[in-house]
2 protein chains.
Amino acid sequence: MARAATTTDVFNAIAEPRRRDVIGVLADGREHAVGEVVVRLRMAQPAVSKHLGVLRKVGVVTVIRRGQHRMYRLNAAELKTVHDWVRTFERYWTHQLDQIRRRAEQKAQERLISKVSGKKEE
Amino acid sequence: MARAATTTDVFNAIAEPRRRDVIGVLADGREHAVGEVVVRLRMAQPAVSKHLGVLRKVGVVTVIRRGQHRMYRLNAAELKTVHDWVRTFERYWTHQLDQIRRRAEQKAQERLISKVSGKKEE
DNA sequence: GGAATATATTCCTATATAGGAATATATGTC
DNA sequence: GACATATATTCCTATATAGGAATATATTCC
């Protein structure tokens, strides 16, 4: 099987760096025309349209027509899924001292093991 | 150009649902053998090895040999990149009241616009 | 050394891009 | 209506999978 489609879920949608750039432009929460994104990111117009299309399919952005423009707006709520997932690991980097202690213990243990087994570490 | 390699960065690595499952097994911060992941997730062994390989390349997991086992451990610090990025949007869903107000204003504005332009919304 | 166990790697295939080029569609202006 | 502007869509191609099957490698035990 191939990789899952980018339109499958938010994780896939934001995997593309350029799409995160596009989201960055919309990060102020206000609406922006496609052309504005094109200028700000110096990307080809079709590329921007496609990326916005993917983001729209997964619900990360919404769009409304305004004359000849299409105004895109971030729907950050969709990113909450990602936040909720990654947040479960927050404790690993917030408690600096704990982390340093944990790592030291781990290192010590690994050294002990490699000494006993006589194998060198990866 | 094709999509970026999964080994390019953390965002691509966690885009695959099965890999997030694997990370989930390692979420307790302790070391786990490949076989344990295989049993817990009921995945094929080669699949698990491959996913762990990808995660290792981007640094999300570390591995040490222990006898005939390879013990994998989560290196959650690598996930901080994702956390930091998505955290910049946190304000959009934390302040519930603000969000509701913003949405109401937006809706009202969109209705006004569609009435004026005579076009129906997407 | 040989069998058993644990894990990684290789080979193959179907699929999904992402970007570029060209084109289509919609809207505004005169 | 003709033309300009804004945006989306189509077509094409190179590339990168993810999973399954088979195999290779490493380690332990007897």
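Residue numbers begin at 1 in each chain, while the letters A, B, ... track the order of the sequences.
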**Message:** Once you measure the plane-to-plane angle for B:Trp85 and B:Phe11, does it fall in the parallel (<30°), tilted (30-60°) or perpendicular (>60°) bin?
**Reply:** perpendicular
Just the atom pairs and distances: protein N or O near nucleotides 10-15 of chain C's N or O, under 3.5 Å.
unit_1, atom_1, unit_2, atom_2, d
C:dT10, O4, B:Lys50, NZ, 3.4

**Asked** Is any side-chain N or O of A:Gln68 under 3.5 Å from a base N or O of D:dT5, one able to act as donor and the other as acceptor?
**Response** yes
**Asked** On a plain distance test, is the side chain of B:Gln45 in donor-acceptor contact with the base of C:dA8 below 3.5 Å?
**Response**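 A donor-acceptor contact between them is present.
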Between [atom2] on [N] and [atom1] on [X], what's the gap in Å once rounded to a whole number?
{"X": "B:Lys57", "N": "C:dT9", "atom1": "NZ", "atom2": "C1'", "result": "11 Å"}
{"X": "A:Arg56", "N": "D:dT7", "atom1": "CZ", "atom2": "C1'", "result": "12 Å"}
{"X": "B:Phe11", "N": "C:dT17", "atom1": "CZ", "atom2": "C1'", "result": "19 Å"}
{"X": "A:Leu55", "N": "C:dA18", "atom1": "CG", "atom2": "P", "result": "11 Å"}
{"X": "B:Asp9", "N": "D:dT17", "atom1": "CG", "atom2": "C1'", "result": "15 Å"}
{"X": "B:His51", "N": "D:dA16", "atom1": "NE2", "atom2": "C1'", "result": "14 Å"}
{"X": "A:Arg66", "N": "D:dT5", "atom1": "CZ", "atom2": "C1'", "result": "17 Å"}
{"X": "B:Arg65", "N": "C:dT7", "atom1": "CZ", "atom2": "C1'", "result": "10 Å"}

**Asked** Checking all strands, does B:Ala5 fall into the base, sugar-phosphate, or nothing category for heavy-atom contacts under 4.0 angstrom?
**Response** sugar-phosphate
**Message:** Once you apply a heavy-atom cut-off of 4.0 Å, does B:Ser49 come out as touching a base, just sugar-phosphate, or nothing?
**Reply:** base
**Asked** Would one find a side-chain N or O of B:His69 under 4.0 angstrom from OP1 or OP2 of D:dA26?
**Response** no
**Asked** Is any side-chain N or O of A:Tyr72 closer than 4.0 Å to OP1 or OP2 of D:dA8?
**Response**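 Answer is yes, contact under 4.0 Å.
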**Prompt:** With sequence neighbours excluded, what pairs up with A:Arg87 under the side-chain hydrogen bond (donor to acceptor under 3.5 Å, both in side chains) test?
**Reply:**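 Checked A:Arg87 against side-chain hydrogen bond (donor to acceptor under 3.5 Å, both in side chains); zero matches.
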**Message:** Assigning hydrophobic clusters by single linkage (Ile, Leu, Val, Met, Phe, Trp, Tyr; side-chain heavy-atom cutoff under 4.5 Å), is B:Leu41 placed with B:Ile14?
**Reply:**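 Yes, one cluster joins them.
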**Prompt:** Going only through I, L, V, M, F, W and Y residues with side-chain contacts under 4.5 Å, is there a path from B:Val61 to A:Trp93?
**Reply:** yes
**Request:** Indicate yes or no: at least one non-hydrogen side-chain atom of A:His83 is less than 4.5 angstrom from one of B:His83.
**Result:** yes
**Request:** Would you kindly compare A:Arg18 and B:Glu36 by the position of their nearest DNA chain C nucleotide and give the one closer to the 5′ end?
**Result:** B:Glu36
**Message:** Closest-nucleotide mapping onto DNA chain C: is B:Ala47 or A:Glu16 further toward the 5' terminus? I mean the 5' end.
**Reply:** B:Ala47
If you compare all heavy atoms of [X] against all heavy atoms of [Y], which two are closest, and at what distance to 0.1 Å?
{"X": "B:Asp21", "Y": "B:Arg18", "answer": "OD2-NH1, 3.0 Å"}
{"X": "A:Asp9", "Y": "A:Val58", "answer": "O-CG1, 3.9 Å"}
{"X": "B:Phe89", "Y": "A:Ala27", "answer": "CE2-CB, 3.7 Å"}
{"X": "A:Val34", "Y": "A:Ser49", "answer": "CG1-OG, 4.0 Å"}

**Structure string for DNA chain D in dot-bracket form, Watson-Crick and G-U at under 3.5 Å, | interchain** = ||||||||||||||||||||||||||||||
**Message:** Donor-acceptor check, side chain of A:Asn75 to backbone of A:Thr62, threshold 3.5 angstrom: yes or no?
**Reply:**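 Side chain of A:Asn75 to backbone of A:Thr62, a donor-acceptor pair under 3.5 Å: no, none is there.
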**Fill in**
Those residues at least two apart in sequence (or on a different chain) that pass ring pair (Phe, Tyr, Trp, His ring centres under 6.0 Å) with A:His69 are none
**Prompt:** Can you list every salt bridge (charged side-chain N to carboxylate O under 4.0 Å, His left out) pair that touches residues 38-52 of chain A, not counting sequence neighbours?
**Reply:**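 Non-adjacent pairs meeting salt bridge (charged side-chain N to carboxylate O under 4.0 Å, His left out): A:Glu36-A:Arg40.
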**Fill in**
The correct set of residues in residues 19-26 of chain A placing a heavy atom under 4.0 Å from DNA chain C is A:Arg19
